[in-house]
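Comments concern the structure below.
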Amino acid sequence: MSLNHSMETQTKLIARVPTITGRELPEWFQAIDNGPSFLRCDERANWLADEHGLTHGYAAAIVHEHERHRRNRMGFI
């Protein structure tokens with residue numbers, strides 16, 4: 001997934017997710033895992049934004065973080 005913002009902005013967005021959304025990252029990750037099986041990250045971000053009323057910036061940051069955690073769980077670099 002190509003970020004439209006810097007890693008510094010990504011870090012700040014992720015830190016604010018619980019406050020802004022009222023949900024912790026593991027809850028968002030579960031929503032993504034249980035949601036539609038989109039192949040592309042931008043499709044997942046659009047779905048997350050539309051389905052849960054998030055701004056695209058937060059949705060994209062959550063999806064990017066989900067992908068990062070998924071790669072780490074699977075042992076990818």
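What's counted below: heavy atoms across the whole structure, side chains too, no hydrogens, waters or symmetry copies. Residues: numbered from 1 along the sequence shown.
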Item to check | Gap separating the CD atom of E67 from the SG atom of C41, nearest 0.5 angstrom | outcome: 4.0 Å

Checklist entry - Looking at NE2 of H64 and NE2 of H69, how far apart are the two atoms once the value is rounded to the nearest 0.5 Å? => result 9.5 Å

Next on the checklist: Could you work out, with side chain to side chain contact (heavy atoms under 4.5 Å, CB included) as the rule, every residue matching T55, not counting sequence neighbours?
Outcome noted: Y58

Checklist entry - CD/E43 to CG/L48 distance, rounded to the nearest 0.5 angstrom? => result 13.5 Å

Checklist entry - Just by distance, do the side chain of R44 and the backbone of F38 share a donor-acceptor pair under 3.5 Å? => result yes

Item to check | Partners meeting side chain to side chain donor-acceptor pair (under 3.5 Å) with N34 (sequence neighbours left out) | outcome: none

Checklist entry - H56 and A45: which non-hydrogen atoms are nearest, and at how many Å? => result CE1-CB, 3.9 Å

Checklist entry - So which pairs with a foot in residues 48-57 pass salt bridge (charged side-chain N to carboxylate O under 4.0 Å, His left out), sequence neighbours left out? => result none

Checklist entry - Quick one: salt bridge (charged side-chain N to carboxylate O under 4.0 Å, His left out) pairs with a partner in residues 6-22, sequence neighbours left out? => result E8-K12

Checklist entry - If you round to the nearest 0.5 Å, how far is CG of L54 from CD1 of I20? => result 10.5 Å

Would you be so kind as to tabulate the donor-acceptor pairs closer than 3.5 Å made by side chains of residues 24-32, with sequence neighbours excluded?
from	atom 1	to	atom 2	distance (Å)
E27	OE2	E24	N	3.0
W28	NE1	T21	OG1	3.0

